[in-house]
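Heads up: the structure comes next, in structure tokens.
Bear in mind that the values here come from a model prediction, so they are computed numbers and not experimental data. Only heavy atoms go into these numbers, but all of them, side chains included; no hydrogens, no water, no symmetry mates.
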Amino acid sequence: MSEFIDKLNSKGYTEMAEALKKYCRNAIDLFDKEYDGGIPTGASKMGGFPDLPPEIEYPTMSGYTETWLKGQNKGTVEHYEKSAMQLVAQINLYELAESGDDLDNLLPKTGMLYIFWSGEVLERKSDEYSEIIAEEPDNTAIHKVIYWDGDMSGLRCTEPPCGYYSKYFEECLPEKAVEFGWMGEIDEQAASDIDGLEEALEMEAYDFSENCDKLLGFPKGGNAPYIDENRVNLFQFDHQDGCLWAVYWLMSRDDLLRKDFSNVEIDCDCD
């Protein structure tokens with residue numbers, strides 16, 4: 001994005017370049033990384049089993065029974081056992097800080113960030129179409145984000161205490177180590193009213209945000225959620241399964257700066 005703004009300035013579009021800056025955000029792309037001898041404990045990665053400290057229990061979701069009240073499935077009863085959440089990502093924040101790619105200094109500089117997901121994108125609750133009864137009413141969250149800052153030497157690869165959510169998964173998500181890279185992105189929807197932008201874009205084709213696994217930046221996708229300046233795209237998971245194209249973890253900028261991950265929300269690109 002900085003290169004595009006420089007090009008606008010060089011072509012004489014100085015006012016447009018200045019106007020475009022307020023619609024820009026920094027994002028952190030996650031690239032595959034190879035280690036000799038396997039992924040070290042505590043390294044940044046996606047999928048597989050998490051490296052957890054003893055004081056953090058592996059996140060699970062309650063088993064439940066769903067009885068369909070309407071539609072072609074009326075009368076059908078479905079039961080799902082208690083399930084382990086998938087590790088979507090564990091981010092070693094020391095590694096991220098060393099990369100220098102968090103240009104806005106939004107994320108913590110130490111500790112670990114864990115993102116877990118059940119496979120659901122909507123809260124499991126009764127409505128006019130089905131009645132849902134959870135076996136553990138206090139354990140019905142469909143995702144969990146954990147920030148932990150402690151002694152990294154105590155981390156241990158932790159296997160799930162039960163099977164994954166059989167509605168969507170047969171096994172754990174593929175494990176891969178990741179490293180970081182900076183990307184500049186723009187909110188194309190908000191910037192679309194800048195006079196002459198369409199003409200300027202004809203100079204060269206640009207895609208201003210990425211469909212990829214990333215931290216921060218703008219949610220990307222055909223039905224991606226819109227976020228304003230007070231919201232942050234904490235993580236985008238480029239997960240494609242059926243009509244699902246991506247999953248997003250969103251939170252307030254103030255909460256992120258306070259290192260408060262208790263109110264992170266989940267959203268998705270689904271057609």
Side-chain angles (χ1 to χ4, degrees), residues 1-10 13-33 44-46 88-115 145 147 177-194 197 200-201 204-221 224-238 246-261 263-267 269:
M1 173 48 55
S2 59
E3 292 179 0
F4 181 61
I5 289 178
D6 289 343
K7 180 172 285 190
L8 288 176
N9 280 315
S10 69
Y13 296 100
T14 53
E15 292 185 7
M16 184 187 305
E18 190 62 30
L20 201 57
K21 288 180 181 178
K22 69 177 181 179
Y23 301 116
C24 296
R25 286 196 185 184
N26 294 307
I28 304 165
D29 199 353
L30 274 60
F31 298 96
D32 293 359
K33 182 176 183 178
S44 298
K45 67 178 184 178
M46 296 183 64
V88 174
Q90 70 174 34
I91 305 299
N92 183 316
L93 295 163
Y94 293 95
E95 293 178 347
L96 178 57
E98 287 180 357
S99 76
D101 291 314
D102 182 13
L103 300 187
D104 298 319
N105 293 311
L106 291 174
L107 290 157
K109 304 300 182 188
T110 60
M112 298 284 287
L113 183 66
Y114 303 94
I115 298 175
V145 176
Y147 170 61
V178 296
E179 57 185 341
F180 311 105
W182 171 85
M183 299 185 297
E185 296 190 333
I186 182 175
D187 181 352
E188 296 175 64
Q189 179 180 341
S192 62
D193 62 351
I194 295 178
L197 181 60
L201 292 178
E204 195 168 331
Y206 280 86
D207 187 2
F208 288 128
S209 58
E210 292 283 343
N211 259 331
C212 62
D213 302 314
K214 64 183 180 182
L215 293 154
L216 308 177
F218 291 103
K220 176 70 173 182
Y226 175 76
I227 58 173
D228 61 23
E229 69 253 13
N230 299 313
R231 299 285 286 169
V232 172
N233 180 37
L234 176 65
F235 190 77
Q236 174 172 322
F237 181 30
D238 186 26
V247 187
Y248 316 94
W249 281 263
L250 311 173
M251 66 186 301
S252 81
R253 181 179 292 266
D254 288 343
D255 281 351
L256 180 53
L257 292 173
R258 287 195 296 266
K259 304 177 185 178
D260 178 3
F261 295 88
N263 296 307
V264 178
E265 298 175 355
I266 192 169
D267 208 327
D269 178 5

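- A 4.5 Å side-chain heavy-atom check between S99 and I28 finds every atom pair outside the cut-off.
- For F180, the ring pair (Phe, Tyr, Trp, His ring centres under 6.0 Å) test picks out no residue, with sequence neighbours left out.
- W249 is listed as a side-chain neighbour of V88, based on a closest heavy-atom distance under 4.5 Å.
- The closest donor-acceptor contact from the side chain of D104 to the backbone of L106 lies at 3.5 Å or more, if one exists at all.
- Formation of a donor-acceptor pair under 3.5 Å by the D213 side chain with backbone atoms of D238 is found in this model.
- Not counting sequence neighbours, Y248 has no partner by the ring pair (Phe, Tyr, Trp, His ring centres under 6.0 Å) test.
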Step-by-step side-chain contact (heavy atoms from CB on, under 4.5 Å) determination, D102 to L215:
CA-CA 9 Å; D102 182 13; L215 293 154; over 6 Å; no
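- Between S252 and N263, the closest side-chain pair of non-hydrogen atoms is not below 4.5 Å.
- Once rounded to the nearest 0.5 Å, the distance linking NZ of K33 with NZ of K45 reads 14.0 Å.
- Interatomic distance, Y226 OH to D267 CG, rounded to the nearest 0.5 Å: 14.5 Å.
- Taken from CG in D101 to CD in E95, the straight-line distance is 12.0 Å, to the nearest 0.5 Å.
- The side-chain hydrogen bond (donor to acceptor under 3.5 Å, both in side chains) check on E265 picks up R231, with sequence neighbours excluded.
- No side-chain donor-acceptor contact under 3.5 Å links N26 to the backbone of L103.
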Residues N233, K214; criterion side-chain contact (heavy atoms from CB on, under 4.5 Å); working and verdict:
CA-CA 9 Å; N233 180 37; K214 64 183 180 182; 4.0 Å; yes
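- To the nearest 0.5 angstrom, M251 atom CE is 14.0 Å from I266 atom CD1.
- Not counting sequence neighbours, the partners of N105 by the side-chain hydrogen bond (donor to acceptor under 3.5 Å, both in side chains) test are K109.
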For L234 and L113: C-alpha separation, side-chain torsions, deciding distance, then whether side-chain contact (heavy atoms from CB on, under 4.5 Å) applies.
CA-CA 11 Å; L234 176 65; L113 183 66; 4.2 Å; yes
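- Counting only distance, with no hydrogens or angles, the side chain of E185 and the backbone of F218 share a donor-acceptor pair below 3.5 Å.
- Distance check, rounded to the nearest 0.5 Å: CG of L96 to OG1 of T110 gives 11.5 Å.
- The side-chain hydrogen bond (donor to acceptor under 3.5 Å, both in side chains) test applied to E229 returns no partner, not counting sequence neighbours.
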Given L256 and F261, is the side-chain contact (heavy atoms from CB on, under 4.5 Å) satisfied, shown in steps?
CA-CA 7 Å; L256 180 53; F261 295 88; 3.7 Å; yes
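- V264 places none of its side-chain heavy atoms less than 4.5 Å from the side chain of D255.
- Heavy-atom minimum distance, V232 versus R253: CG2-CA, 3.7 Å.
- Side chain of D32 to main chain of V178: no donor-acceptor pair is present (N/O by atom type, distance under 3.5 Å, no hydrogens or angles).
- Between the Q236 side chain and the A246 main chain, no donor and acceptor come within less than 3.5 Å of each other.
- By the ring pair (Phe, Tyr, Trp, His ring centres under 6.0 Å) test, Y114 pairs with no residue at all, sequence neighbours left out.
- Put simply, the side chain of P225 reaches to within 4.5 Å of the side chain of L250, judged on heavy atoms.
- With hydrogens and angles disregarded, a donor-acceptor distance shorter than 3.5 Å links the side chain of S44 to the backbone of N92.
- Of all heavy-atom pairs spanning A27 and G217, the tightest one is CB-CA, 3.6 Å.
- Using a 4.5 Å heavy-atom cutoff, the side chains of F235 and L30 are in contact.
- Two residues are said to be in side-chain contact when any heavy atoms from C-beta on lie closer than 4.5 Å; D260 and D254 fail this criterion.
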